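Since the structure comes first, as structure tokens, the remarks are kept for the end.
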Amino acid sequence: MLNQEQYFNQEMYSEQLYTEDELLLSVKEAIRVSGMPEVSIAPGYGRLLSMLVSLSRASSVLEIGALGGYSGICLARGLASGGTLTSLELKPEYAEMARRHLEQAGFGGIVEYRTGPALDSLALLAEEGRTFDFFFIDADKENYPNYLEYAIRLAKPGAVIAGDNIFLRGRTLNTDKNGPAVQAMRRFNEMIAGDNRLTSTLLPAYDGLALAIVK
């Protein structure tokens, strides 16, 4: 079994094989300068999102948690021609930064931002009869189980669901940690693994990524 240092070395080796993406680096720098949380998806998983969206031939993607637009760019890069990205973000100023970065990346015309509590936006999307074929969850951790239920509800058959930060920097695995976010993430992981509506797996690199296909 690999120890933590070996896992870290593997991640570093992987990242060294790829030229750093200048556009995404500029997004991360803008996030840093603005004082926003520096919690964008890991570069390796960003590349994976682009690949998964492309492989699934997704034309409608729902992102829960926009932050500064890093993951939105990764998702949009994989979209089929004519595809759209709907992004939910609690804070208008974060959504505005994400919008600027998606425009800079050439995706301004395909993205819709909805601000406010994501559960409210999800309820409205359900009322509107909206459905999606790819979901990326990377928002407040305490609502991950609720976001998963909505994703399944709004999913087209065969839709892909991805959820980031499932290990919470090790807290999910630490039995001494039992705060609301930790308990919610454990529940989310158990739901992903055990729900008979899903085919799923958990990826252990970086801070963990859950992947599921809706049957």
Side-chain angles (χ1 to χ4, degrees), residues 11-12 14-15 18-54 58 60-79 83-122 125 132 134-144 147 150-151 160-169 181 184-185 188 203 205-211:
E11 292 164 6
M12 291 294 294
S14 174
E15 294 303 337
Y18 295 88
T19 302
E20 295 221 57
D21 189 306
E22 291 298 330
L23 175 61
L24 293 177
L25 282 173
S26 71
V27 172
K28 289 171 68 174
E29 177 63 12
I31 289 171
R32 186 192 67 79
V33 170
S34 72
M36 293 165 60
E38 296 179 55
V39 292
S40 298
I41 192 168
Y45 280 160
R47 292 190 295 273
L48 179 60
L49 286 183
S50 298
M51 292 176 64
L52 289 173
V53 173
S54 178
S60 54
V61 175
L62 179 62
E63 175 186 43
I64 305 174
L67 193 62
Y70 188 106
S71 59
I73 292 172
C74 295
L75 293 163
R77 283 175 170 174
L79 272 169
T84 60
L85 170 65
T86 301
S87 185
L88 312 183
E89 173 54 52
L90 175 64
K91 298 186 177 183
E93 62 272 25
Y94 288 10
E96 182 55 35
M97 175 180 282
R99 185 192 306 277
R100 292 197 305 270
H101 287 143
L102 267 290
E103 289 175 350
Q104 181 183 348
F107 301 119
I110 66 169
V111 187
E112 173 195 6
Y113 288 95
R114 299 195 180 197
T115 58
L119 289 178
D120 292 347
S121 296
L122 288 164
L125 288 170
F132 302 87
F134 198 101
F135 300 82
F136 179 54
I137 303 171
D138 189 12
D140 58 301
K141 308 313 175 189
E142 293 181 30
N143 272 312
Y144 262 47
Y147 297 151
Y150 262 112
V160 176
I161 301 171
D164 197 23
N165 305 122
I166 60 172
F167 297 142
L168 295 178
R169 300 177 185 270
M185 191 58 71
F188 172 84
L203 303 185
Y206 305 104
D207 198 24
L209 187 75
L211 293 175

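Predicted model only: the values in this text are computed from it and were never measured.
- When all heavy atoms of I161 and A151 are compared, the closest pair comes out as CD1-CB, 3.8 Å.
- Looking at L75 and S50, their side chains never come closer than 4.5 Å, going by heavy atoms from C-beta outward.
- Checked options S121, P92, S87; the residue passing with Y113 is S87 (criterion: side chain to side chain contact (heavy atoms under 4.5 Å, CB included)).
- Distance check: S40 OG to I73 CD1 gives 9.5 Å after rounding to the nearest 0.5 Å.
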Verdict with supporting geometry, Y150 and I64, side-chain contact (heavy atoms from CB on, under 4.5 Å): CA-CA 11 Å; Y150 262 112; I64 305 174; over 6 Å; no
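- Separation of atoms CG (L209) and CD1 (I137) is listed at 10.5 Å; rounding is to 0.5 Å.
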Just do the salt bridge (charged side-chain N to carboxylate O under 4.0 Å, His left out) check on E96 and R99 with the steps written out, would you? CA-CA 5 Å; E96 182 55 35; R99 185 192 306 277; 3.6 Å; yes
Please determine whether side-chain contact (heavy atoms from CB on, under 4.5 Å) holds for the pair S34 and E93, giving the CA-CA distance in whole Å, both sets of side-chain angles, and the decisive distance to 0.1 Å. CA-CA 10 Å; S34 72; E93 62 272 25; over 6 Å; no
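- Annotation: side chain of D138 is not in contact with side chain of L67 (no heavy-atom distance under 4.5 Å).
- Scanning both residues, L88 and A118, for their nearest heavy atoms gives CD1-O, 4.1 Å.
- Contact detail for M97 and I31: the closest heavy-atom pair is SD-CG1, 4.1 Å.
- Residue E89 comes nearest to G65 through the heavy atom pair OE1-C, 3.8 Å, listed as atom of the first residue, atom of the second, then distance.
- Here the side chains of Q104 and L23 are in contact, with some heavy-atom distance below 4.5 Å.
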Residue pair H101, Y70: steps toward the side-chain contact (heavy atoms from CB on, under 4.5 Å) verdict: CA-CA 8 Å; H101 287 143; Y70 188 106; over 6 Å; no
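- Interatomic distance, CD of E29 versus CZ of R32, reported as 4.0 Å (0.5 Å rounding).
- Closest of all the heavy-atom pairs between K141 and N165 is NZ-OD1, 3.1 Å.
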List the steps, then state whether side-chain contact (heavy atoms from CB on, under 4.5 Å) holds for E63 with L49. CA-CA 11 Å; E63 175 186 43; L49 286 183; over 6 Å; no
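- In this structure, the separation between CG on L85 and CZ on F136 is 11.0 Å, given to the nearest 0.5 Å.
- Atom-to-atom distance recorded for M36:CE and K91:NZ is 8.5 Å, nearest 0.5 angstrom.
- D140 has its side chain out of reach of L90: every pair of non-hydrogen atoms, C-beta onward, lies at least 4.5 Å apart.
- The line from CD of E20 to CD of E15 is 7.5 Å long, rounded to the nearest 0.5 Å.
- The aromatic rings of Y147 and Y144 sit tilted, their planes meeting at an angle between 30° and 60°.
- Of all heavy-atom pairs spanning G208 and Y45, the tightest one is C-CE1, 4.0 Å.
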